[in-house]
2 protein chains.
Amino acid sequence: MLNSYSSADKVLLAVDCIIFGFDNEGLKILLIKRDFEPEKGKWSLIGGFLKKDEVLDSAAIRILDSYTGLQDIYMEQLHAYSEIDRDPVERTISVAYFALINIENHNAELIQNYHAQWFSVANAPKLIFDHDTMLRHAIRRLRYRTSIKPVGFELLPEKFTMRQLLELYEAILSKELDKRNFISKINSLDILIKLEEKDMMSSRKGSYLYTFDKEKYDAKLLNDFVLNL
Amino acid sequence: MLNSYSSADKVLLAVDCIIFGFDNEGLKILLIKRDFEPEKGKWSLIGGFLKKDEVLDSAAIRILDSYTGLQDIYMEQLHAYSEIDRDPVERTISVAYFALINIENHNAELIQNYHAQWFSVANAPKLIFDHDTMLRHAIRRLRYRTSIKPVGFELLPEKFTMRQLLELYEAILSKELDKRNFISKINSLDILIKLEEKDMMSSRKGSYLYTFDKEKYDAKLLNDFVLNL
DNA sequence: TTTATTAATGTTGATTTTACACTTAGTCTA
DNA sequence: TAGACTAAGTGTAAAATCAACATTAATAAA
């Protein structure tokens with residue numbers, strides 16, 4: 001009978017995380033060198049299995065924390081992957097999540113212990129199973145998400161310059177943007193605070209630091225914006 | 001050990017389908033009156049369990065077919081829902097799919113046997129479990145999807161009038177659209193064939209029938225469009 | 001042939017988007 | 001301390017797109 005619970009099959013459920021970071025070299029992902037079979041020694045997304053009494057979102061949070069030591073991170077469910085032989089060991093359905101982290105904050109020691117490593121998205125190694133597909137989908141989703149929600153800031157330090165923000169969007173979209181047009185579009189969203197403070201690292205003149213004004217953004221109770229870059 | 005397959009928990013995986021249809025009354029969904037416990041007699045999305053050697057997409061196709069007799073239907077995975085007690089009988093994770101069907105094509109006898117029924121999306125009954133959430137998400141996704149891909153046509157007959165197309169988009173977006181602006185935006189996509197034939201049902205004058213030009217659309221090898229209505 | 005009904009069609013002003021280059025501030029060095 | 005260097009900061013004009021709006025056309029019924 002179609003709807004009988006008892007006769008239905010149970011399956012393994014995994015969670016794989018596409019962990020994005022950003023630095024002055026561009027958009028990065030955190031990968032791990034598998035130290036167990038199958039595909040030992042190959043590069044892989046960071047993942048784990050769902051526990052019986054755990055919600056998918058929590059599993060993703062747990063897995064991210066265990067590899068990076070980070071909490072309170074922006075994560076979003078991407079898609080469930082279920083090809084029969086996607087994992088050669090055993091039938092496993094994987095629900096992919098992507099995370100946006102400030103690359104400076106992760107626990108370096110932890111990721112070293114796990115043989116994890118940051119790779120430029122542009123020239124990441126071939127990944128195991130269907131992880132390349134997951135990554136491709138994650139980038140597509142990231143482009144969409146950053147065009148309607150203020151989540152790009154998750155990838156930057158608390159205080160950032162307009163140039164950093166510009167380069168972040170350029171990295172996400174894989175295309176060059178016009179500086180002046182970009183700045184005026186960002187300013188028209190009216191969600192940044194321009195600080196007194198300047199960043200003196202990048203130039204003699206120094207450039208103003210900005211910070212995302214979450215209170216103001218939330219107070220608008222608004223629908224998503226449309227950021228056409 | 002975190003990555004050991006054998007010690008990981010297995011869970012039940014369900015697939016629930018949000019089946020959209022459209023007629024002159026507006027956007028509809030197909031619901032079923034549950035004839036088993038729990039929540040017997042309540043309205044529910046159409047669903048079933050994933051089989052051991054089945055891919056999620058196939059399960060969704062199988063379930064849709066079994067309730068409507070339809071094949072070759074546009075379906076898209078929506079999201080995986082995993083709240084611990086979402087199904088009170090047993091821990092079940094459900095992957096929701098939505099389907100777009102031409103409402104005239106379904107097998108009426110089949111859906112009658114299943115006590116399935118079409119409801120206006122606008123005033124659908126309260127659904128069991130988290131199915132209301134799924135429906136809400138499906139509508140949001142449908143709005144997005146139809147704004148970038150030519151999938152709205154899936155909800156219409158092979159041949160349709162501009163008025164039908166307009167009313168479809170109005171139903172999807174829950175807002176009125178300007179007829180002239182709508183038509184010129186649609187025409188600028190250049191993906192419809194205007195037939196000689198007219199539909200004489202709706203008026204004395206009759207209105208031209210159109211059909212979606214899939215060949216032309218595919219031939220463009222293009223990225224998604226942006227339909228700003 | 002008049003009437004009634006829905007289909008079909010274009011223009012204008014407003015807004016948004018794009019393309020584009022010079023000045024400024026501050027540090028370094030000669 | 002003057003001049004050179006470097007990235008930051010800033011505005012405008014032309015083009016494209018969007019939004020608002022009303023009349024004529026075709027046909028069947030009376």
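Below, chain A is the first sequence line, B the second, and so on; all start at residue 1.
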Contact check, side chains of A/Ile183 and A/Leu165, non-hydrogen atoms, under 4.5 Å: no
Nucleotide D/dT10, atom C1' - distance to CG of A/Leu166 in whole Å: 15 Å
Separation of D/dA8 P from A/Leu165 CG (nearest whole Å): 13 Å
Nucleic acid footprint by protein, nucleotides 2-16 of chain C - heavy-atom cut-off 4.0 Å, B for base, S for sugar-phosphate alone: --B-BBBBB------
Separation of atom CZ in A/Phe182 from atom P in D/dT10, rounded to whole Å: 15 Å
Pairing residues for A/Glu104 by the salt bridge (charged side-chain N to carboxylate O under 4.0 Å, His left out) criterion, not counting sequence neighbours: none
Test salt bridge (charged side-chain N to carboxylate O under 4.0 Å, His left out) applied to A/Glu83 - qualifying residues, sequence neighbours left out: none
Salt bridge (Lys or Arg N to Asp or Glu O under 4.0 Å) contacts in which one or both residues fall within residues 192-206 of chain B, not counting sequence neighbours: B/Lys159-B/Glu197
Any A/Lys185 side-chain N or O less than 4.0 Å from OP1/OP2 of C/dT18: yes
Pair listing, salt bridge (Lys or Arg N to Asp or Glu O under 4.0 Å) test, anchored in residues 14-27 of chain B, at least two apart: B/Asp16-B/Arg86, B/Asp23-B/Lys28, B/Glu25-B/Lys28
Atom-to-atom span, CE of A/Met200 to C1' of C/dT27 - whole angstrom: 8 Å
Nearest-angstrom distance from the residue atom CE of A/Met201 to P of C/dC28: 11 Å
For atom NZ of B/Lys175 and atom P of D/dA20, their distance in whole Å: 10 Å
Nucleotide D/dT17, atom P - distance to CG of A/Asn228 in whole Å: 12 Å
Test ring pair (Phe, Tyr, Trp, His ring centres under 6.0 Å) applied to B/Tyr97 - qualifying residues, sequence neighbours left out: none
Length of the CD-P vector between B/Glu176 and D/dA19, whole Å: 15 Å
